[in-house]
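In what follows, chains carry the letters A, B, and so on, assigned in the order in which the sequence lines appear, proteins first and then strands, with residues in each chain numbered from 1.
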Amino acid sequence: MGLISGVVMGMVFGIALMAGWQHMMRYRSKKRIAKAVDIKLLSSLDRDDLKKICGENYPEWISFPVFEQVKWLNKQLAKLWPFVADAAEAVIKESVEPLLEDYRPTGITSLKFSKLSLGTVAPKIEGIRVQSLKKGQITMDIDLRWGGDPNIILGVEAALVASIPIQLKNLQVFTVIRAIFQLTDEIPCISAVVVALLAEPKPRIDYTLKAIGGSLTAIPGLSDMIDDTVNSIVTDMLQWPHRIVVPVGGTPVDLSELELKPQGKLTVTVVKANDLKNKEFIGKSDPYTVVYVRPLFKVKTKTIDNNLNPEWNQTFPLIVEDKETQSLIIEVFDKDVGQDEKLGVAKVRLIELEAERSKELELRLLPSHDMLKIKDKKDRGTITIQLFYHEFNKEEQLIALEEEKQILEARKKLKESGVLGSTVDALDGAASAVGSGINAGVGLVGSGVGAGVGLVSTGFGAVGSGLSKAGKFMGRTITGQSSNHRKSGSSTPVNSSVQENGGAKPL
Amino acid sequence: MGFLSTLLSLCGFGVGVSSGLVVGYFLFIYFQPTDVKDPVIRPLVEHDSESLQKLLPEIPLWVKNPDYDRVDWLNKFLEYVWPYLDKAICKTAKNTAKPIIAEQTAKYNIESVEFETLTLGSLPPTLQGMKVYLTDEKELIMEPSIKWAANPNITVVVKAYGLKATVQVVDFQVFAAPRITLKPLVPSFPCFAKIFVSLMEKPHVDFGLKLLGADLMSIPGLYRFVQDIIKDQVASMYLWPKTHEVQILDPTKAMQRPVGILHVKVLRAVKLRKKDLLGASDPYVKLKLTESKLPSKKTTVKHKNLNPEWNQEFTMVIKDLESQVLELSVYDWEQIGKHDKMGMNVVPMKELTPDEPKVLTLTLLKSMDPNDVSNDKERGQIMVELTYKPFKEDDLPKDFQESGTVLKAPEGTPPGGGVLVVIVHEAQDVEGKHHTNPYARIIFRGEERKTKHIKKNRDPRWEEEFLFMLDEPPVNDRLHAEVLSTSSRIGLLHPKESLGYVDISLSDVVSNKRINEKFHLIDSKNGRIQIELEWREAS
């Protein structure tokens, strides 16, 4: 009896103990999971959530901007800046000097930093935004503002002129840097970083140029040449969709996915223009049109004399690298003896196009691409174009990539040999072949302009400084014009013209 | 009878308990699924006030405290990286564990130990705020608040003697408040030499440990015991002021401290090539060390001499023996115009043996480019004697050691006395009425020292060090520090103006040995000057 009751009691006790343990397990496990959930939930709060939690006592100091503020990072950066500035000097010198060499206009024989210090003011990060636009990639946008006091002295050597030190002052950079991290399963989990400047809002780089112990006017067009070099580097190297790909970590990975490459072909037919403005005193304008997607590969139509309703009917193929962000730029110019005047511009965002379908558009011409500050409602006429977008398949893409490479290669060679040339013709070729491309206007600073400098016959090229279409090729005729430049204060005549012969027609 | 019955019932109880435990185990625990599910996360909007109440203790610090910054972008980043990071970590863990396991299994006669599952779960660590501290020292201090409530599933299967046992770790949670200090700051990337990590409070650790499906951590009392052990263990290693140190850069290199001195004796040159049209050249030698910011040194000019003898001695400071190179260039001096280069050559520092004079005869070249065709021309030779004297360990420059430690005064200081070190770091918001080209002047016992001038800058950095040798501690003395500006133009109008001054009592310095502070300037709107003062006593 005792034994049985003992066994039963024991059983009950044992089972109860186990049940209790199990209950405890469940309870603790639930508690832990609940905590994990809470923490996860609270890790990404937005305004409404916080309002709900805090109710009346909503903390005033909290806001939720799209670009999250990073005060702590700025504090650290300010503290670290003197050291970063010191360390960066050598790095910048090393990495930027070859770039300057590549992008320098033909008029300058050498462009180097003779002094570079980044100053005492640290850049400020206005905000950071992190998103994942594509699987396996993290996109980080950093809104950077730098109104620094760097001391940058460029040693500029131009043909036949001794080196002049040019100081770059009051540098201001406002830009949004986009960094894309390509993720991988291997430590450090990032296989490559893609860095670019977002095109929208447009990066702003302002500075003042000052010649030390001399005047900027000693070399005509110098300030514009520097402006242009900077501009070319920014728009053709850094600005999205152009990008710099930096592999990270030891594991070799296929980065070709990240590189910018031809995505499709845009066939543009410039049909005609109507009601163009007459810019000439005698007769009518002699219009021609320049179209491009990348300023590196510009094409132009023939010039039709004395016509305000010209019909061109010319077709060009253009390469598209990033349909989402790129645009087709159309610029109508009036061919002139002095300088070519802009009759109007138009822009077509490629994202609006459908693939494999022809589309005819009649576009109103505008005075400028940047309409923010221009209040001009004047009618400039219209231009009619036909567009056909063809998306490449893999093989076509490879072919296009190869072709592009060859063109750039050829241009580079031309540049190397061309720089030595002294005749206008040689320079013509050289200039249009500048690796960076961008062939909008350049011209020659004519004899009338820079006569005193003795550059005349060498064909000293000054580069036009139209916004992003800063050009780099040289016309055959000698032209002169004063264009709007930055605060550089020099009143150098500069040309901004596109000439028949110089246009590199890459495709 | 009664005794026997009690004994029997006791035996029965014993048997009953053990069998009951077994039955209970199979009944309640054994069949419990051991796979870990992702927890269901409801959006906050759906919560009612009761479940909200439960959330309150976990509210992130950045909501509660204005001095903590929100770092949602970092959290997002972590969230996106997490799946990849998880895989990478687990892979590395498996790979590192394998050889260790193999070694151990052989020792203890265990068949195999394997990870059945190994994942850290879908929940990434979260940063609930970031706080930074600004000090006057060369360091960055950050305090992130890290909460990691994970749902890992780590199952280890042990096979031995034909039996199989599983150990599973679930619901791992760590909450910690580390302090990360980056110091010292150095002028080469990544701009700091060491990372110091320490915990500001004991971390909270919680997890479930299932042995054969039964969670050991839910045995009352055991969990607390284990947690305490872990906390104490971690605390004894990392709780502030104990720190974990990670070296990133070699501070010697990073700080670019001098490692030795190079004595150069320029002896003579022979058979130099003529450069001047009329008469012989007027050669002189220019010496430059690469990667050095110091100005190059020049010998005297030997007029009209193509076989000049200089016999001049120079000393140069070497910072990096491996990479620095001495450049010797012979120039032709000209009264007017550019001095022509007659030739050059280089001596890499690593070719020198310490403390051993070496006489070198170098052929002069047009440039160091090996492909330069014009190098074939005869340009003559130059003879130099080079001696490299590395610093001995004990006469390494004094601020070589970490800041914060007060050093002994050098030998030769009178007993009872010492050295007062004044380091003028920087000033902020100094502004002159007419010009702001600030320099600092410090006056101590009538002795005046000046820093260099910095042009047009309201926040100048000088980083200059001055030494005053004293017979006794400056207990009753004051130091006068003033920021002045001189006009950059030569003119009689406002040639000099004061941008503010401050008198610092030195008794604090003597008692504290070292003070590094920003002082507000008198006669200045908002100007401050950062001065570091140190009293080094003679031993």
Side-chain angles (χ1 to χ4, degrees), chain A residues 1-15 17-19 21-22 24-25 28-29 32-33 35-44 48-50 52-53 59 61-62 68 70-72 75-76 79-80 82-84 86-87 120 128-130 132 138 140 183-187 189, chain B residues 5-6 8-21 23-25 28-29 39 41 44-45 52 55 58-60 63 66 69-70 72-73 75-77 80-81 84-85 87-88 92 123 126 130 132 134 140 147 149 151 171 173 185-189 191 206 208 215 218 457 459 461:
Chain A
M1 197 55 212
L3 179 74
I4 295 165
S5 66
V7 168
V8 172
M9 287 275 284
M11 284 277 273
V12 171
F13 182 73
I15 290 171
L17 208 66
M18 262 350 218
W21 191 7
Q22 189 247 13
M24 195 68 188
M25 267 166 72
R28 286 191 40 83
S29 163
R32 282 192 301 250
I33 289 172
K35 204 168 196 173
V37 169
D38 288 355
I39 284 168
K40 168 77 188 150
L41 204 58
L42 288 166
S43 72
S44 55
D48 294 338
D49 294 342
L50 203 59
K52 186 157 183 191
I53 295 172
W61 60 82
I62 290 169
E68 198 181 318
V70 279
K71 283 182 212 147
W72 64 278
K75 276 184 206 162
Q76 302 286 49
K79 179 103 193 207
L80 199 61
F83 302 95
V84 175
D86 264 11
T120 53
I128 295 183
R129 175 176 63 181
V130 171
S132 183
I138 300 177
M140 187 193 274
L183 301 175
T184 146
D185 286 350
E186 300 287 333
I187 285 199
C189 288
Chain B
S5 140
T6 321
L8 274 176
S9 65
L10 267 180
C11 285
F13 189 73
V15 174
V17 167
S18 39
S19 56
L21 285 177
V23 171
Y25 171 76
F28 296 114
I29 296 170
I41 297 169
L44 212 112
V45 201
L52 276 182
L55 273 177
E58 303 298 334
I59 285 185
V63 180
D69 281 305
R70 187 163 65 113
D72 271 13
W73 62 276
N75 283 333
K76 263 192 195 162
F77 195 94
Y80 295 135
V81 180
Y84 299 89
L85 200 62
K87 272 184 205 156
T92 329
L123 300 176
T126 58
M130 175 73 92
V132 296
L134 294 177
L140 301 181
K147 288 203 172 174
N151 52 344
D171 305 338
Q173 298 188 343
L185 303 181
V186 292
S188 57
F189 284 116
C191 294
D206 193 357
D215 187 357
S218 52
N457 200 327
D459 306 304
R461 284 180 75 86

* OH/Y80(B) to CG/L183(A) distance, rounded to the nearest 0.5 angstrom? -> 11.0 Å
* Out of P59(A), S29(A), S43(A), which one racks up the most heavy-atom pairs below 4.5 Å with chain B? -> S43(A)
* Asked: With no hydrogens and no angle check, is any side-chain donor or acceptor of Q76(A) less than 3.5 Å from a backbone partner on V132(B)?
  -> no
* To do: Answer yes or no: is there a side-chain heavy-atom contact under 4.5 Å between D69(B) and V70(A)?
  => no
* Structure fact -> Between the NZ atom in K35(A) and the CG atom in L55(B), the distance rounded to the nearest 0.5 Å is 12.0 Å
* When rounded to the nearest 0.5 angstrom, what is the spacing between CD1 in I53(A) and CD1 in I59(B)? -> 5.0 Å
* Asked: In terms of heavy-atom pairs under 4.5 Å with chain B, which of V12(A), L50(A), I128(A) leads?
  -> I128(A)
* **Region of R461(B) that comes under 4.5 Å of a non-hydrogen atom in chain A** => side chain
* Structure fact -> Highest number of heavy-atom pairs under 4.5 Å with chain B among D48(A), L80(A), L17(A) belongs to L80(A)
* **Per-residue contact mode, E58(B) against chain A (heavy atom under 4.5 angstrom)** => both
* Asked: Out of L42(A), T120(A), V84(A), which one racks up the most heavy-atom pairs below 4.5 Å with chain B?
  -> L42(A)
* Please report the shortest heavy-atom distance between A36(A) and A149(B), naming the atom on each side. => CA-CB, 3.3 Å
* Hey, could you give me the CZ/CD distance between R70(B) and E68(A), rounded to the nearest 0.5 Å? => 4.0 Å
* Asked: What part of D49(A) is in contact with chain B, defined as an atom under 4.5 angstrom from a non-hydrogen atom: side chain, backbone, both or neither?
  -> both
* Closest approach of G14(A) and L21(B), non-hydrogen atoms and distance? -> O-CD2, 3.5 Å
* F13(A) versus V17(B), closest heavy-atom pair with distance -> CD2-CG2, 3.7 Å
* Residue selection (most heavy-atom pairs with chain A, distance under 4.5 Å) from T92(B), L10(B), L123(B) -> L123(B)
* Structure fact -> Heavy atoms of S19(B) and M11(A) approach each other most closely as OG-SD, 3.1 Å
* To do: Answer yes when R28(A) and D206(B) have at least one side-chain N-carboxylate O distance shorter than 4.0 Å, and no when they do not.
  => yes
* **Ring geometry between W72(A) and W73(B) (parallel below 30°, tilted from 30 to 60°, perpendicular above 60°)** => parallel
* To do: Taking all non-hydrogen atoms of both residues into account, name the closest pair between D86(A) and P187(B) and its distance.
  => CB-CB, 3.4 Å
* From D38(A) atom CG to K147(B) atom NZ, the distance as rounded to the nearest 0.5 Å -> 10.0 Å
* Asked: Between L140(B), L85(B), N457(B), which residue shows the highest count of heavy-atom pairs closer than 4.5 Å to chain A?
  -> L140(B)
* **Partner chain B: residue of K79(A), K40(A), M9(A), M24(A) with the largest heavy-atom pair count (under 4.5 Å)** => K79(A)
* Using non-hydrogen atoms and a 4.5 Å limit, figure out which bit of N75(B) sits close to chain A: side chain, backbone, both or neither. => side chain
* Structure fact -> All heavy atoms of D185(A) vs all of Y84(B), minimum pair found to be OD1-CD2, 3.4 Å
